[in-house]
Chemist: 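Please find one structure pasted underneath; my questions will follow.
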Amino acid sequence: MLRMKKELKLMKGNEAVAEAAIRVGADGYFGYPITPQSEVLEYLMAEKPYERTGMVVLQAESEVAAINMVYGGAGCGKMVMTSSSSPGISLKQEGISYIAGAELPCLIVNVVRGGPGLGTIQPSQSDYFQAVKGGGHGDYKLLVLAPASVQEMADFTTLGFELAFKYRNPVMILSDGAIGQMMEKVELPEQKPRRTEEQIREQCPWATLGKPKNRERNIITSLELDSLKQEQVNLRIQAKYERMKKEEVRYEEIMCDDAEYILIAFGTSARISQKALQLGREKGIKVGLLRPITLFPFPEEAIAKLSQKVKGMLVVEMNAGQMIEDVRLSVCNRTKVEHFGRFGGIIPSPTEVLHALEQKLIGG
Amino acid sequence: MEHTLTKEEIRQEKNLVYKKTNVMTDNILSYCPGCGHGTAHRILAEVIEEMDIQDITIGVDPVGCSVLAYNFFNLDMQQAAHGRAPALATAIKRLFPEKFVFTYQGDGDLAAIGTAETIHACNRGENITIIFINNGIYGMTGGQMAPTTLPGMKSSTSPYGRDVQMMGNPLKITELVAQLPGTCFVTRQAVHTPSTVRRAKRAIRLAFEYQSKNMGLSFIEIVSNCNSGWKMTPRQSNEWMEANMLPFYPLGDIKVPEK
């Protein structure tokens, strides 16, 4: 993408999300403090986007209220978002299910910390199942983006809104405490104007903006008491997910061409695994890395293709083994799939990852 | 000289004494015959028509008997999760300060599961109108005890009457929100007689006028009956309401804007 004026800043991942949201022309942010994501709300309150662009920022009384504020704003066709960390995201699940059921666009950022329960404030990837398999009640899915850098925190904020409106579906950025808190160089997008009400009417003919005389009333609801009609709603939503699987799969392959062993990791684990890959290559091990960028839709085909030519795959996650289930479904026993995980807020070291590869696949 | 109108004469335009507001649809109400919801809907819709704000009004309906209110109001509406209507309304109004935003909620929705959202929207002084229908029972789910069920009152989950020692006291949330600085107008009304209907409609009109002047949150409780849930005829339920509900939930303004 051609950027007229490059603007580089040193920022935390959480701040990059906030600044990118202002610049992409977001209309509203509704949040609640929780470590390690509080900088999103803090940054927005300090930046006063209500003066810069007219963006609304509100600290809600709870995560539950915040996600329902997002529902209300999204129902008006506005570009709205929230962010939280694991226990807070659990509280938002009711609202997320309603948003998915009412087919509304919004962006949700989860800066994951270790669980279960109150757990720890240190980074983790233990919310993979919650993000990718539904989270709340009912048959629905989020489109899930997994950033591995501060740059991607900013980029996926823009991309997330784009995809949310394309599919009228909630999009989640599944980050973690490391990416949210670490500072890196980030190239920020150009400031875009917020959409006018006329533009919203055009882009979102379903939005509740007040009923003019010349159109039927717009209703935002996830309720359909007639089961036959509710089945149709489900079929329509499922068709969207199938379309996402065809059009939105994103992943990155590093040195996979000649690889005999593949590391599969997302987010922070992918950063660690990339270093482990270098260490492995220095030792003469032909190892590659596949990094899923969209966790739903999952890069099934790319993994299936690699599974036909490699000796084994090591799934590296900061959890007890979640994404590995999707990897195994993609691999269908064509090659050996092992897991290496640290959890409870521990980030594995590259040497640990390489050691696990040698122990579980090469030596075994 | 007395003249009884024929059916044909009654239908003539010049003899019309009542016309349905165009802010209500022609859909058949899902409420039980005798329930106050229909009247509360009608006066709210009439106010919106009389103020000519249909095209800039967004309503939020709850979970409960009025979950399907979006089928009855000829308005853009959003259906909220149980108790969350004030959170939706908060965002809608902040994103569109020039539009009119109201919630329509029952007692279980507003005063039990949605207590936090209610109190904080009131306390922040969100510039919205909350219409709160209090019939002292969970109507839609089949007559369970509500936060507003009277002491001793029977329900399917207090079959021997509400024992306050065991089940806690009814919550006068309207008096509670009147204490908060963000509310500008807090009133308790009813819709079971012609005069109460007139007063309730006037209160709704005032609330929308205060909203147009950015004066803060207006909170209108409407004490109503639930003849099905109370296991009474409509008439008995209104008499019971007058004898039992109104002494506990007295009608009238609790907080009015300073002149």
Side-chain angles (χ1 to χ4, degrees), chain A residues 26-30 50 54-80 82 92-99 101-102 104 106 136 194 197 200 206-225, chain B residues 22-25 27 30 48 52-63 67-101 103 113-124 126 128 140:
Chain A
D27 298 299
Y29 171 91
F30 304 92
Y50 39 92
M55 178 184 178
V56 169
V57 186
L58 185 62
Q59 179 172 337
E61 63 270 33
S62 67
E63 284 94 347
V64 176
I67 192 68
N68 282 282
M69 289 170 183
V70 166
Y71 179 113
C76 296
K78 290 281 192 180
M79 202 186 272
V80 287
T82 186
K92 290 184 195 289
Q93 292 303 330
E94 174 202 46
I96 295 173
S97 171
Y98 275 67
I99 290 169
L104 299 176
C106 73
R194 288 170 52 243
E197 190 171 335
I200 294 172
W206 44 265
T208 55
L209 298 162
K211 186 198 112 55
K213 298 251 182 309
N214 58 0
R215 76 149 162 79
E216 283 298 299
R217 65 197 199 285
N218 281 341
I219 295 163
I220 302 298
T221 183
S222 59
L223 176 70
E224 181 47 73
L225 292 169
Chain B
N22 68 14
V23 179
M24 286 199 71
T25 64
N27 292 329
S30 51
I48 291 166
D52 195 21
I53 54 171
Q54 182 184 18
D55 60 337
I56 49 167
T57 298
I58 298 157
V60 183
D61 69 64
V63 169
V67 68
L68 290 167
Y70 57 73
N71 280 339
F72 313 133
F73 289 108
N74 192 16
L75 294 169
D76 278 5
M77 299 274 292
Q78 295 195 24
Q79 197 281 310
H82 206 17
R84 318 296 178 220
L88 273 69
T90 292
I92 298 168
K93 184 70 181 186
R94 283 178 180 248
L95 290 161
F96 289 109
E98 73 285 4
K99 295 189 194 289
F100 287 85
V101 181
T103 72
I113 196 166
T115 311
E117 284 78 7
T118 302
I119 288 185
H120 284 278
C122 287
N123 196 47
R124 285 191 302 264
E126 299 296 341
I128 59 174
M140 189 182 69

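Residue numbering restarts at 1 for every chain, and letters A, B, ... go by the order of the sequence lines.
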Chemist: Quick check on B:Phe73 against chain A: is it the side chain, the backbone, both or neither that has a heavy atom closer than 4.5 Å?
Modeler: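 It is the backbone, since no side chain atom gets that close.
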Chemist: Among A:Arg217, A:Lys211, A:Arg215, which residue satisfies the salt bridge (Lys or Arg N to Asp or Glu O under 4.0 Å) criterion with B:Asp76?
Modeler: A:Arg215
Chemist: Quick one: which of B:Asn71, B:Leu68, B:Val67, B:Ile119 has the most heavy-atom pairs under 4.5 Å with chain A, could you say?
Modeler: B:Asn71
Chemist: Heavy atoms, side chains only, cut-off 4.5 Å: are A:Cys76 and B:Leu95 in contact?
Modeler: no
Chemist: Show the nearest heavy-atom pair for residues B:Gln78 and A:Thr208, with the distance to one decimal.
Modeler: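 Between these two residues, the closest heavy atoms are NE2-OG1, 3.0 Å.
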Chemist: Which residue out of A:Leu223, A:Ile219, A:Val56 racks up the most heavy-atom pairs below 4.5 Å with chain B?
Modeler: A:Ile219
Chemist: What distance do A:Met69 atom CE and B:Ile92 atom CD1 have between them, rounded to the nearest 0.5 Å?
Modeler: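 So the gap between those two atoms works out to 11.0 Å.
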Chemist: Just distance, no hydrogens or angles: give the donor-acceptor pairs under 3.5 Å from side chains in residues 53-62 of chain B, sequence neighbours left out.
Modeler:
from: B:Gln54; atom 1: NE2; to: B:Asn74; atom 2: O; distance (Å): 2.9
from: B:Thr57; atom 1: OG1; to: B:Ile53; atom 2: O; distance (Å): 2.6
from: B:Asp61; atom 1: OD2; to: B:Tyr70; atom 2: N; distance (Å): 3.4

Chemist: Salt bridge check, A:Asp27 against B:Arg94: does any charged N sit closer than 4.0 Å to a carboxylate O?
Modeler: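 Result for this pair is no, no salt bridge flagged.
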Chemist: About how many Å separate CE of B:Met77 and CG of A:Asn218, when rounded to the nearest 0.5 Å?
Modeler: 12.5 Å
Chemist: Is the count of non-hydrogen atoms from other residues, nucleotides or ligands lying under 6.0 Å from A:Glu216 atom CD greater than 12?
Modeler: no
Chemist: Please state whether the side chain, the backbone, both or neither of B:Ala85 comes within less than 4.5 Å of a heavy atom of chain A.
Modeler: neither
Chemist: Where do B:Ala116 and A:Glu61 come nearest, in terms of heavy atoms and distance?
Modeler: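 Closest heavy-atom pair between B:Ala116 and A:Glu61: O-OE2, 3.6 Å.
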Chemist: Is A:Lys78 positioned over the aromatic face of B:Phe96, cation under 6.0 angstrom from the ring centre and no more than 45 degrees off axis?
Modeler: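 That pair qualifies as a cation-pi contact.
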Chemist: Any side-chain heavy atom of A:Leu58 within less than 4.5 Å of one from B:Arg124?
Modeler: yes
Chemist: Quick check on A:Tyr71 against chain B: is it the side chain, the backbone, both or neither that has a heavy atom closer than 4.5 Å?
Modeler: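 Both the backbone and the side chain of A:Tyr71 come within 4.5 Å of chain B.
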Chemist: Please find the pair of heavy atoms, one from A:Phe30 and one from B:Ala91, that lie closest to each other, and give the distance.
Modeler: CZ-CB, 3.7 Å
Chemist: Checking heavy atoms, do the side chain of A:Ala66, its backbone, both or neither come under 4.5 Å from chain B?
Modeler: neither
Chemist: Identify which part of A:Leu225 has an atom lying under 4.5 Å from any heavy atom of chain B, answering side chain, backbone, both or neither.
Modeler: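 The side chain, not the backbone.
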Chemist: Quick one: CZ on B:Arg84 to OG on A:Ser62, what's the gap to the nearest 0.5 Å?
Modeler: 7.0 Å
